[in-house]
> 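The structure under discussion is supplied below as structure tokens; questions concerning it will follow.
None of the values given here were measured: they were computed from a predicted structure. First the proteins, then the strands, lettered A, B, ... as listed; each starts at 1. No hydrogens, no waters, no symmetry mates; every other heavy atom, side chains included, goes into these values.
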2 protein chains.
Amino acid sequence: MSTDNPPLIGATIKKIRKDQSLTLDTLAERSGVSKAMLSQIESEKVNPTIATVWKIARGLEVELNDIIKGGKERVRKFRSINADETTVLDTAGGPHIEVLSPIEMAEDLEVYLLELSPNSVLTSQPHAPGTEEYLTVLSGTVTVIAGEKSAAVEQGGFVMYNCDITHTIRNDTAAAARVHMVVRFLKKNWV
Amino acid sequence: MSTDNPPLIGATIKKIRKDQSLTLDTLAERSGVSKAMLSQIESEKVNPTIATVWKIARGLEVELNDIIKGGKERVRKFRSINADETTVLDTAGGPHIEVLSPIEMAEDLEVYLLELSPNSVLTSQPHAPGTEEYLTVLSGTVTVIAGEKSAAVEQGGFVMYNCDITHTIRNDTAAAARVHMVVRFLKKNWV
DNA sequence: TACCTGTGTTCACTATAGTGAACACGAGAA
DNA sequence: TTCTCGTGTTCACTATAGTGAACACAGGTA
């Protein structure tokens, strides 16, 4: 939705109501908002208050944010990427990094495979606020440091942490380590 | 926040404004909402319209939903789970499933390791609407079917799909397959 | 001590949200 | 053809959002 105007939520409310086969009368009963008001809102004739929209969301049993963000039609995804299509990020002396997730997932949910050589370190700068990383140790042992917290995790282990602070993955052993990494961003819907 | 009352957003707006060291005057200029109104909103003396809160969110450069959901203080996570602490889900003749993510991540982001025997199938019922699965094939080859779409994915490959329809992972080969699986749910904030 | 400034609050007003009631319209039945 | 019913829209009203201006208060300075 455009960022130049407040969200037009009338159409969204109408769509959700229709999807649930509800009349204005029924939604009025469920939500505590008058039928007249609902009609005006759906026609974008008025600019309702937060409390009113919250009541409608409750009546529809949906999240307030589902109404506000515009109720975009979700198309079900199906996307597969072969091994030879993944992107490889290598730096001299650094770990071997394969990007598995497609470009359209960037800054939403990113998936990587990392291979850390014996006695190597991968240090990253803080990501966007609220971003989280989830690591599965496939082989070897790694030590993860995020801020003042750290843990050594062996094969078959799992670690998750906020990565909006400087964070480091180290392989202090004499064997290579392989790690599956997922990075999840807090989404911004309209900035 | 309580689901019995509309969201009290005044305190949230005030906190964000203070965090950014802004005065009411400054926010009024940036947002186009009067200082008087801002004061009333922050004091929970009025129930602002959606458009007004949207203007404030823009002025603060935050998501509308950040204000509405209550601006909870985020504590940075750090959680590690050793291999011997993961939960194993096995059924007779079924795949070997290890749950890596901790219980508190249930229905948010769930992480699994799957091992499918030669010529075996894992069929799942539809999950909650909007839920997505992300598979990394660590070894072997699997065929993923979601609704009418399918793909055979070899070692090192990746596949993602909506799993709010019946979906199946098959290993039609004579070798075992190992798959890393992430399940991401669309969050409900207050239902 | 008095004055000034910055910041937040309240007043008195206008504009608009929100409602109960009445109206408009289309479809189906008699 | 007329009537009835269900559903959505609009009217005329009250309640409240939203504002410019004035006020209140605290801290700093002369």
> Could I get the full list of side-chain contact (heavy atoms from CB on, under 4.5 Å) partners for A:Ala36, not counting sequence neighbours?
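Residues passing side-chain contact (heavy atoms from CB on, under 4.5 Å) with A:Ala36: A:Ser34.
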> With a cut-off of less than 4.0 Å, is there a side-chain N or O of A:Lys18 near OP1 or OP2 of D:dG8?
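So the side chain of A:Lys18 is within the cut-off, an N or O lying under 4.0 Å from OP1 or OP2 of D:dG8.
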> NZ/A:Lys69 to CD1/A:Ile9 distance, rounded to the nearest 0.5 angstrom?
14.0 Å
> Select base, sugar-phosphate, or nothing to describe what B:Lys45 touches, counting heavy atoms under 4.0 Å on all strands.
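Sugar-phosphate, no base atom in range.
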> Measuring from the side chain of B:Met37 (C-beta onward, heavy atoms only), which nucleotide among D:dA17, C:dG8, D:dG8 has the closest atom?
D:dA17
> Would you tell me if any nitrogen or oxygen in the side chain of A:Arg17 comes within less than 4.0 Å of OP1 or OP2 on D:dG8?
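Affirmative; the distance criterion is met.
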> Between A:Lys55 (NZ) and C:dT19 (C1'), how many Å, whole number?
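A:Lys55 atom NZ is separated from C:dT19 atom C1' by 11 Å.
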> Can you list the other members of the hydrophobic cluster that holds A:Val88, where links are side-chain heavy atoms under 4.5 angstrom apart?
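None; A:Val88 is a cluster of one.
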> What residues in residues 25-36 of chain A put a non-hydrogen atom under 4.0 Å from any atom of DNA chain C?
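A:Gly32, A:Val33, A:Ser34, A:Ala36, in order of number.
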> Tell me whether the OP1 or OP2 atom of C:dG8 has a side-chain N or O from B:Ser39 closer than 4.0 Å.
no
> B:Gln40 near the nucleic acid: base, sugar-phosphate alone, or nothing, with a heavy-atom cut-off under 4.0 Å?
base
> Does any pair with a residue in residues 116-139 of chain B pass salt bridge (charged side-chain N to carboxylate O under 4.0 Å, His left out), and if so which ones, sequence neighbours excluded?
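Only A:Lys77-B:Glu132, B:Glu132-B:Arg184 qualify under salt bridge (charged side-chain N to carboxylate O under 4.0 Å, His left out).
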> For D:dG8, take OP1 and OP2 only and decide whether either is under 4.0 Å from a side-chain N or O of A:Ser43.
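So the side-chain polar atoms of A:Ser43 never come under 4.0 Å of the phosphate oxygens OP1 or OP2 of D:dG8.
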> Mind calculating the distance between CD1 (A:Ile50) and C1' (C:dA17) to the nearest angstrom?
14 Å
> Checking B:Asp25 now: which residues fulfil salt bridge (Lys or Arg N to Asp or Glu O under 4.0 Å) with it, not counting sequence neighbours?
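Counting only residues at least two positions away or on another chain, B:Asp25 forms a salt bridge (Lys or Arg N to Asp or Glu O under 4.0 Å) with B:Lys35.
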> Rounded to whole angstroms, how far apart are NZ on A:Lys14 and C1' on D:dT9?
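Rounding to the nearest Å, NZ of A:Lys14 and C1' of D:dT9 are 11 Å apart.
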> In this structure, how many angstroms lie between the P atom of C:dC25 and the CG atom of A:Leu24, rounded?
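Atom-to-atom, A:Leu24 to C:dC25, this comes out as 17 Å.
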> Using atom CD of A:Glu44 as one end and atom P of C:dG18 as the other, report the distance to the nearest whole Å.
14 Å
> Distance check needed: D:dA17 P versus B:Leu38 CG, whole Å only.
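Answer to the nearest Å: 14 Å.
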> State whether the side chain of B:Asn47 and the backbone N or O of A:Ala51 hold a donor-acceptor pair below 3.5 Å, judged by distance alone.
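Yes.
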> Atom CD1 of B:Ile9 to atom P of D:dA17: distance rounded to whole Å?
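Rounded to whole Å, this separation is 11 Å.
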> Can you measure B:Glu42 atom CD to D:dG18 atom P for me and round it to whole angstrom units?
14 Å
> Apart from A:Leu113 itself, which Ile, Leu, Val, Met, Phe, Trp or Tyr residues share its cluster (side-chain heavy atoms under 4.5 Å, direct or through members)?
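For the cluster that includes A:Leu113, the remaining residues are A:Ile81, A:Leu100, A:Met105, A:Leu109, A:Val111, A:Tyr134, A:Leu138, A:Phe158, A:Met160, A:Val182, B:Ile81, B:Leu100, B:Met105, B:Leu109, B:Val111, B:Leu113, B:Tyr134, B:Leu138, B:Phe158, B:Met160, B:Val182.
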